[in-house]
**Q** 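Dumping the structure here so I can ask a few things about it.
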Protein chains: 2
Amino acid sequence: MARVSQSEMAVLGALSVRPMTGYAVREAIRTVLGHFWNESYGQIYPTLTRLHTEGLLDRHGGERSGSMTYSLTTAGRARLSELLRQPESPRPERNGLLLRLFFGRELGVDACVELVQAAKVDAEQRLANYAAIRATMATEEEDRAHHPFWLLTVSAGEHGARATLAWADETLRTLRGLAAN
Amino acid sequence: MARVSQSEMAVLGALSVRPMTGYAVREAIRTVLGHFWNESYGQIYPTLTRLHTEGLLDRHGGERSGSMTYSLTTAGRARLSELLRQPESPRPERNGLLLRLFFGRELGVDACVELVQAAKVDAEQRLANYAAIRATMATEEEDRAHHPFWLLTVSAGEHGARATLAWADETLRTLRGLAAN
DNA sequence: TCGCCCACCTATCTGTTAGATATTTCTGTC
DNA sequence: GACAGAAATATCTAACAGATAGGTGGGCGA
């Protein structure tokens, strides 16, 4: 129960860019932060309501009937700053691919090969996605001052994807060796 | 709600190695799988009870009063095999470090530098841990047939840690450049 | 014009999970 | 014998995922 909600930081962060509806917050997180952060509706809406109740967000009618636009209050901006400064809490690992490979003798070499090849395809797709993000950012004039920081997150993903590819190639060689025995 | 429990696979997998108490299952997962999998007591005990009720585990008195040792039944072994063959479900990303760096302009370059340096230290510690795992495995005669598969998981961790180090160095250079502006 | 489809929008529900906490027993050491 | 730490069982509460439900508005095709 020592887990402290991280959703608040993500929601406040998204709204620090511009005022938005709950749906738009979800979309912004999915499209802009999506390569390293996820947030479900199950968290977004209760968080928005709570933060509004606590005075960290202003809420007024949106462009459509029934919609509401939220914006950061001064207190909300201060709260975001505070959250960003808090130590990062490590997230427990749960890597399903590695769990399956660990029990690879049970699973069989052929199935392992398939898993690793799938991981390779996934990593390649991720690299393509990062390239697309870079391309988009190169053409956007908006928020230019943020770009260097945003690109750090893309670079992290790229390094990770390349590591996965290198490991996958090595692993496929190892698995082939095992199959030959 | 489409999330399907992964704890069953971890618990059955651990017990496929040898019969254990609930506490020992937790320790085995923590010490042997811990570099890529985590499982809390909150899951382990209810899962053990459920799997026993379902006939996937046998349970008999342990060495100490009040303790219980669980072992895989034939049905349990078949169930593990089945679970290992199910497609891996991707785990949503939630990288607190990258979220902070994304809002690096808000946070400030100095704070970003500290975060990245901490990430570097962590990656180095992870590398040391992998080396220790390799060393331990080199001396153990037990379970030798499993070692190649287990080493694949260690190698994945090493590749990841090295990628983090490379990214961290690059990022520190970038941040220094930003600070100079 | 009408109906369908899709995007926008709000919100909840249920199952998975983390880790703190509580309690008890056993063992080793002083 | 007392104390500390490990072994052992189990639950509790909060965070979280994603499916689902319902509604509105606009565009497009028959």
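Values in this document were obtained by computation on a predicted structure and should not be read as measured data. So that the names make sense, note that chain A is the first sequence line, chain B the second, and so on, each numbered from 1. Just the heavy atoms: all of them, side chains too, but no hydrogens, waters or symmetry mates, feed the values below.
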**Q** Can you check the B:M68 CE to D:dT9 P distance for me, whole Å?
**A**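 Going from B:M68 (CE) to D:dT9 (P), I get 5 Å.
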
**Q** Output the rounded distance in Å from CD1 (A:I44) to P (D:dA17).
**A**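 Those two atoms, CD1 and P, are 9 Å apart.
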
**Q** If I take atom OH in residue A:Y45 and atom P in nucleotide C:dT14, what distance separates them, rounded to the nearest angstrom?
**A**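 Rounded to whole Å, this separation is 20 Å.
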
**Q** Sequence neighbours left out, what passes ring-ring contact (aromatic ring centres under 6.0 Å, His included) with B:H52? Give chain and number order.
**A**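 Not a single residue meets the ring-ring contact (aromatic ring centres under 6.0 Å, His included) criterion with B:H52.
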
**Q** For C:dC26, take OP1 and OP2 only and decide whether either is under 4.0 Å from a side-chain N or O of B:S65.
**A**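 For C:dC26, OP1/OP2 do have a side-chain N/O of B:S65 under 4.0 Å.
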
**Q** For residues 103-131 of chain B, which side-chain donor-acceptor pairs fall under 3.5 Å, sequence neighbours excluded?
**A**
from   : atom 1 : to     : atom 2 : distance (Å)
B:K120 : NZ     : B:D169 : OD1    : 2.7
B:D122 : OD2    : B:R126 : NE     : 3.3

**Q** Report the distance from atom CG of B:N38 to atom P of C:dT17, rounded to the nearest whole Å.
**A**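 Roughly 11 Å, once rounded to whole Å.
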
**Q** For DNA chain C, what residues of residues 84-95 of chain B have any heavy atom nearer than 4.0 Å?
**A**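 Contacting residues: none.
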
**Q** By the 4.0 Å heavy-atom rule, please label B:G66 as base, sugar-phosphate, or nothing.
**A**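 Contact class for B:G66: sugar-phosphate only.
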
**Q** Would you mind listing every salt bridge (charged side-chain N to carboxylate O under 4.0 Å, His left out) that reaches into residues 12-30 of chain A, with sequence neighbours excluded?
**A**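 Found A:E27-A:R30.
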
**Q** Between A:E158 and A:R134 (salt bridge meaning N to carboxylate O under 4.0 Å), is one present in this structure?
**A**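 Salt bridge between A:E158 and A:R134, a charged N being under 4.0 Å from a carboxylate O: yes.
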
**Q** Rounded to the Å, how far apart are B:Q43 CD and D:dT9 P?
**A**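 It is 16 Å, rounded to the nearest whole Å.
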
**Q** Looking at A:S5, I'd like to know whether one of its side-chain N or O atoms comes within less than 4.0 Å of OP1 or OP2 on D:dC16.
**A**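 Yes, within the criterion.
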
**Q** The side chain of A:R3 is closest to which nucleotide in this list: C:dC8, C:dA20, D:dA14?
**A**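 For the A:R3 side chain, the nearest candidate turns out to be D:dA14.
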
**Q** Does anything in residues 6-26 of chain B come within less than 4.0 Å of DNA chain C? Heavy atoms only, and list the residues if so.
**A**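 Per residue number, the list reads B:Q6, B:S7.
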
**Q** Got a sec, which residues hit salt bridge (Lys or Arg N to Asp or Glu O under 4.0 Å) with B:E63, two or more places apart in sequence or on another chain?
**A**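 In terms of salt bridge (Lys or Arg N to Asp or Glu O under 4.0 Å), with neighbours along the sequence ignored, B:E63 is linked to no residue.
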
**Q** Taking only residues two or more places apart in sequence or in another chain, which ones pass ring-ring contact (aromatic ring centres under 6.0 Å, His included) with A:Y23?
**A**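 Checked A:Y23 against ring-ring contact (aromatic ring centres under 6.0 Å, His included); zero matches.
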
**Q** Return the set of residues passing salt bridge (Lys or Arg N to Asp or Glu O under 4.0 Å) with A:R94 (not counting sequence neighbours), or none when no residue passes.
**A**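 Result, salt bridge (Lys or Arg N to Asp or Glu O under 4.0 Å) vs A:R94: B:E39.
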
**Q** Is any side-chain N or O of B:S40 closer than 4.0 Å to OP1 or OP2 of C:dG19?
**A**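 Answer is no, no contact under 4.0 Å.
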
**Q** Using a strict 4.0 Å threshold on nitrogen-to-oxygen distance, state whether A:R173 and A:E170 make a salt bridge.
**A**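 No.
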
**Q** Once you round it to whole Å, what is the distance between P of C:dT27 and CZ of B:R64?
**A**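 After rounding, the reported distance stands at 7 Å.
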
**Q** Provide, to the nearest angstrom, the distance between the OH atom belonging to A:Y41 and the P atom belonging to D:dG22.
**A**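 Value for this atom pair: 17 Å.
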
**Q** Among residues at least two apart in sequence or on other chains, which ones pass ring-ring contact (aromatic ring centres under 6.0 Å, His included) with A:Y41?
**A**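 Residues passing ring-ring contact (aromatic ring centres under 6.0 Å, His included) with A:Y41: A:Y45.
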
**Q** What is the distance, rounded to the nearest whole Å, between atom CD of B:E27 and atom P of D:dA8?
**A**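 Interatomic distance, CD of B:E27 to P of D:dA8: 9 Å.
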
